[in-house]
Amino acid sequence: MIAAARRAAPMPPLGLAVFVLAVEWARVLAAREWPVAGQLGGGLALLASVAFFSPAALGLGRDRLPARLLGAAALIAVLLLPAAVRWTGELPLGGGLAAVTVVVAAGEEVAFRGALFAAFERAWGGPAAVLGTTLAWTAAHALSHPPLFLVAVAAAGLLLGCWRLYARDLVAPLIAHVVADLAL
């Protein structure tokens, strides 16, 4: 079934953007009533966006693994700067919440810098993919973050999008996003 979806006509970028934004906003709203189930369901729904793209198109793979892991370490260092300023020495999440956080962060990366990025890049090129996914990423966080924090969300989206474009890699942004969300 997934292979058949990958052979089908490419998903239109704007249609995919609407789908991803709708899932992200639904996840945030559902999590207000059902914190664990809403987050988990939304994260899994975001992960479903992989059905339309091959792993290579998403920037996933085991090739260049040392470089990908080094890139993840560099991105983690940058993304954790805000957390480092206020870190108390304790991990903020544990158990089930940490597992849900991993699913949501991985789902967001696969959806935004994986599937949506690939769709935008195929339609309009690399710079449009970076800009489009950064705008969609920022809009997706409008319901869950204060307006002033959206500047930091946009900056993180721009950084991760540029990495995705120039390194042709989703592994490092995915790892960095998961670690940053666990720390924040």
Side-chain angles (χ1 to χ4, degrees), residues 17 19-50 58-60 65 68-118 130 132-165 167 169-184:
F19 167 76
V20 169
L21 282 172
V23 168
E24 187 70 359
W25 288 340
R27 177 188 65 78
V28 170
L29 294 173
R32 291 178 181 170
E33 186 70 27
W34 308 284
V36 173
Q39 294 283 25
L40 185 59
L44 291 172
L46 289 170
L47 283 169
S49 63
V50 303
L58 294 171
L60 295 171
L65 192 57
R68 291 173 187 251
L69 295 176
L70 182 61
L75 290 172
I76 288 167
V78 173
L79 293 179
L80 287 183
L81 286 175
V85 171
R86 60 185 175 143
W87 192 49
T88 63
E90 295 182 28
L91 292 177
L93 296 174
L97 286 179
V100 169
T101 298
V102 169
V103 170
V104 170
E108 286 180 341
E109 283 308 310
V110 165
F112 286 95
R113 269 150 307 269
L116 191 55
F117 187 97
V130 172
T133 57
T134 298
L135 291 173
W137 165 261
T138 305
H141 288 80
L143 295 180
S144 59
H145 292 75
L148 287 176
F149 192 73
L150 292 178
V151 173
V153 170
L158 185 60
L159 172 69
L160 296 172
C162 285
W163 179 273
R164 171 74 172 89
L165 176 63
D169 173 42
L170 183 61
V171 173
L174 196 149
I175 293 170
H177 187 165
V178 166
V179 171
D181 279 8
L182 287 171
L184 295 173

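Excluded from the calculations below are hydrogen atoms, water molecules and symmetry mates; all remaining heavy atoms, backbone and side chain alike, are included. All values reported here derive from a predicted model rather than from experimental measurement.
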*R113 versus G161, closest heavy-atom pair with distance*: CD-N, 3.6 Å
*Can you check whether A72's main-chain N or O pairs, donor with acceptor, with W163's side chain at less than 3.5 Å?*
no
_R27: partners by salt bridge (charged side-chain N to carboxylate O under 4.0 Å, His left out), with sequence neighbours left out_ = E24, E108
*Compare every heavy atom of A172 with every heavy atom of G71, then report the nearest pair and how far apart it is.*
C-CB, 3.6 Å
*E109 pairs by side chain to side chain contact (heavy atoms under 4.5 Å, CB included) with which of L58, V171, L170?*
L170
*Compare all side-chain heavy atoms of V179 with those of L79 and state whether any distance is below 4.5 angstrom.*
no
*Pairwise distance CG(L65) to CG(L70) - rounded to 0.5 angstrom*: 11.0 Å
*If every non-hydrogen atom of A176 is compared with every non-hydrogen atom of I76, which pair is closest and at what distance?*
CA-CG1, 3.5 Å
*asked:* On a heavy-atom basis, which atom in V23 and which in A45 lie closest, and how many Å separate them?
replied: CG1-CB, 3.6 Å
*Hey, does L47 have a side-chain heavy atom less than 4.5 Å from the side chain of L44?*
yes
*Residue pair L69 / I175, side-chain heavy-atom distance below 4.5 Å*: yes
_Closest non-hydrogen atom pair, L80 against A183_ = CD2-CB, 3.4 Å
*Search all heavy atoms of A30 against all heavy atoms of G38 and return the closest pair with its distance.*
CB-CA, 3.9 Å
*CG-OG1 distance between L158 and T134, expressed to the nearest 0.5 angstrom*: 5.0 Å
*Tell me, yes or no, whether the heavy-atom count around L148 atom CG, taken from other residues, nucleotides or ligands under 6.0 Å, exceeds 12.*
no
*Go through the structure and list residues passing ring pair (Phe, Tyr, Trp, His ring centres under 6.0 Å) with F112, not counting sequence neighbours.*
W137
*So do L46 and V110 actually touch side chain to side chain, heavy atoms under 4.5 Å?*
no
